[in-house]
2 protein chains.
Amino acid sequence: MTTRVPQERKRRRPTRSGVVLSEQLIVETALRLIGEHGPEALSVRRLGAALGCDPTALYRYFHGTDDLVLAIADRIIGDAMAGFVPGDDWVAALREIALRVRAGYLAHPRAAAMAAHRVTRRHNEIRAVDTGIGLLLTAGFAPADAARLYLAFIDTVLSHAATEAAFRALPRHQREADHRAWRDVYQDLDPETYPSLTAVRPELPGMADSSFEQAVDLLLEALTARAPAGRHSHR
Amino acid sequence: MTTRVPQERKRRRPTRSGVVLSEQLIVETALRLIGEHGPEALSVRRLGAALGCDPTALYRYFHGTDDLVLAIADRIIGDAMAGFVPGDDWVAALREIALRVRAGYLAHPRAAAMAAHRVTRRHNEIRAVDTGIGLLLTAGFAPADAARLYLAFIDTVLSHAATEAAFRALPRHQREADHRAWRDVYQDLDPETYPSLTAVRPELPGMADSSFEQAVDLLLEALTARAPAGRHSHR
DNA sequence: GCCTTACGTCAACAGGGTTGACCCAATGTG
DNA sequence: CACATTGGGTCAACCCTGTTGACGTAAGGC
């Protein structure tokens with residue numbers, strides 16, 4: 001069909017099971033579905049079943065799966081950044097942005113895994129970019145540097161968060177197999193073939209943990225070092 | 001079936017169309033398929049057709065799609081790292097690893113998008129990890145730090161590369177729509193609502209470019225700053 | 001109370017991964 | 001050289017997926 005999806009709906013017709021559909025309700029149900037029944041639960045058919053309507057009714061609200069995904073992504077960003085106000089410390093503010101984005105993604109891994117590599121240049125994201133660049137400007141960076149460096153920072157944060165989300169969106173047995181790999185496969189290695197891995201063997205199980213905060217800290221250290229003198233962070 | 005996949009095969013029986021299957025041939029055909037007929041071309045059925053065999057014959061070589069994906073990922077890593085020998089400069093070596101990994105992913109965007117967040121547990125991956133950790137050890141880092149910092153470094157590189165690959169793997173119209181949205185959205189911004197973006201407006205067109213190298217440089221700067229004294233990079 | 005049309009429903013299609021049964025032929029042995 | 005073994009290619013089938021076009025019903029404007 002790919003019918004034009006109107007912005008305002010007046011003829012709200014209850015579904016066979018009595019529910020009245022809406023874009024909001026659909027997005028919220030999709031997120032709830034993922035949260036309750038695991039990452040694989042999101043499909044047009046399951047979503048229809050959860051809503052108590054025919055799966056194809058969703059096509060009256062979204063042009064297709066892609067459209068639905070973008071709507072979900074916008075909702076996630078909005079929820080993650082809700083109530084954020086940057087303080088005086090620009091480094092701390094950037095770190096909080098990073099942690100909020102990550103938390104938002106991990107709250108809905110499957111949706112994030114689908115949407116993270118999309119460029120949803122919508123209101124919430126634009127506002128976040130404006131805020132982030134503003135932080136680097138107040139740190140004393142020249143406009144050109146502020147733009148470039150913020151891009152590097154936020155791209156790293158988004159990429160990391162997307163990777164973590166994608167990992168959590170894997171079916172459980174795959175996730176556990178990957179996790180076990182660092183304990184099992186990497187433990188019994190030939191010392192001569194892999195000398196460096198052998199040297200750090202006790203640390204290998206930790207390789208399964210997230211490196212998100214470590215990477216963010218490294219980036220913020222580099223940014224602090226590059227910041228013009230006299231405009232340092234408050235600590 | 002999920003039969004045990006043996007490592008050594010002796011009874012090579014030609015397929016109906018005369019081709020003799022092998023793990024190598026399957027992986028190479030999968031990569032060729034993706035390269036020629038676009039990102040969506042990779043499916044068990046299409047792969048079987050391209051090989052001139054029944055699709056289910058692949059299950060004699062791989063336990064399932066997941067197993068095949070891991071094999072493809074390891075192949076990409078192997079190709080990317082082929083012929084790499086680290087020089088004296090550990091910073092330069094890490095940068096080259098980053099650029100090689102990225103180039104390998106971008107050469108097969110769709111495959112990379114599927115495999116980037118997985119742990120392949122295979123030879124090429126293990127060797128790359130050993131090499132990277134070895135570089136940090138020669139830089140003078142303690143084993144625990146070397147492992148943790150290498151993880152942060154390589155995760156960032158992999159995440160960035162995966163994001164770029166995923167974007168290139170999108171259907172053309174989605175990719176172009178995202179690009180257009182970026183241009184259009186930032187053209188008519190209200191200066192009062194988005195003051196910082198307005199301040200850096202001349203720099204915004206450059207925001208569409210990749211921030212990969214910028215992010216890698218920042219990370220390497222931070223690592224250099226943290227490196228034990230007397231073991232600096234050669235420049 | 002009628003007419004229009006929005007929108008929920010239904011049936012169907014094309015494509016996906018995965019399976020168990022079948023059976024031929026390549027191999028190692030005598 | 002002949003035979004038993006079994007690896008592995010083939011086939012049919014199952015259930016999942018997103019998406020479509022036709023259909024009809026009930027809601028709203030008049």
Side-chain angles (χ1 to χ4, degrees), chain A residues 1-23 25-26 29-30 33-34 37-70 72 110 114 170-171 173-174, chain B residues 1-23 25-26 29-30 33-34 37-72 110 114 171 173-174:
Chain A
M1 298 268 216
T2 316
T3 46
R4 271 276 157 259
V5 178
Q7 14 274 69
E8 293 183 18
R9 292 166 181 277
K10 298 181 179 177
R11 288 202 188 175
R12 297 291 188 69
R13 190 170 154 189
T15 182
R16 175 161 278 268
S17 65
V19 187
V20 176
L21 295 179
S22 71
E23 185 167 329
L25 178 64
I26 295 175
T29 304
L33 205 58
I34 296 168
H37 298 20
E40 297 85 11
L42 187 61
S43 78
V44 176
R45 288 174 144 89
R46 281 188 221 255
L47 186 49
L51 281 163
C53 71
D54 190 276
T56 61
L58 303 177
Y59 287 88
R60 304 285 177 195
Y61 294 82
F62 302 97
H63 295 110
T65 303
D66 184 60
D67 198 23
L68 172 61
V69 164
L70 290 184
I72 292 175
R110 170 67 163 175
M114 290 185 302
L170 287 177
H173 63 278
Q174 286 184 16
Chain B
M1 296 268 218
T2 316
T3 47
R4 271 278 156 260
V5 177
Q7 13 276 68
E8 292 184 19
R9 291 165 182 278
K10 299 182 178 177
R11 289 204 187 176
R12 297 290 188 72
R13 187 171 157 189
T15 182
R16 175 160 279 267
S17 65
V19 187
V20 175
L21 294 179
S22 71
E23 185 168 329
L25 178 63
I26 294 174
T29 304
L33 207 57
I34 295 168
H37 297 34
E40 295 83 13
L42 186 61
S43 78
V44 175
R45 288 173 144 91
R46 280 189 221 256
L47 186 49
L51 281 163
C53 72
D54 190 276
T56 61
L58 303 177
Y59 287 88
R60 304 285 179 196
Y61 292 82
F62 302 96
H63 295 111
T65 303
D66 184 60
D67 199 23
L68 172 61
V69 165
L70 291 184
I72 292 176
R110 171 65 166 176
M114 291 186 303
H173 63 277
Q174 285 184 15

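Residue numbers begin at 1 in each chain, while the letters A, B, ... track the order of the sequences. The model shown is predicted, which means the values in this text are computed figures rather than measured ones.
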Q) Is any side-chain heavy atom of B/V44 closer than 4.5 Å to a side-chain heavy atom of B/Y59? A) yes
Here the distance between atom C1' of D/dT19 and atom CG of A/L47, to the nearest Å, is 15 Å
Between OH of B/Y61 and C1' of D/dT10 the distance, given in whole Å, is 13 Å
One should read off an interatomic distance between A/I34 CD1 and A/L47 CG, to the nearest 0.5 angstrom, of 9.0 Å
Whole-Å distance, B/L58 CG to D/dC11 P, equals 14 Å
Determine all donor-acceptor pairs shorter than 3.5 Å in which one atom belongs to a side chain in residues 50-58 of chain A; sequence neighbours excluded.
| unit_1 | atom_1 | unit_2 | atom_2 | d |
| --- | --- | --- | --- | --- |
| A/D54 | OD1 | A/T56 | N | 2.9 |
| A/D54 | OD1 | A/T56 | OG1 | 2.6 |

Shortest non-hydrogen pair, B/D67 vs B/Y61, comes out as OD2-O, 4.4 Å
Per atom distances to the B/S43 side chain, the nearest of C/dA26, C/dG16, C/dT18 is C/dG16
Between CZ of A/R16 and C1' of D/dT25 the distance, given in whole Å, is 11 Å
Assert: residue with more 5' nearest nucleotide on DNA chain C, out of B/T56 and A/T15, is A/T15
Rounded to whole Å, the OH-P distance (A/Y59 to C/dG8) equals 15 Å
When rounded to whole Å, the CZ to P distance for the pair B/F62 and C/dT18 reads 13 Å
note: B/L21, atom CG; D/dG7, atom P; distance rounded to Å ~ 17 Å
When rounded to whole Å, the CZ to C1' distance for the pair A/R60 and D/dA27 reads 15 Å
By nearest-nucleotide position on DNA chain D, the 5'-leaning member of B/A57 and A/R46 is B/A57
Whichever of B/D54 and B/R45 has the more 5' nearest nucleotide on DNA chain D, that residue is B/D54
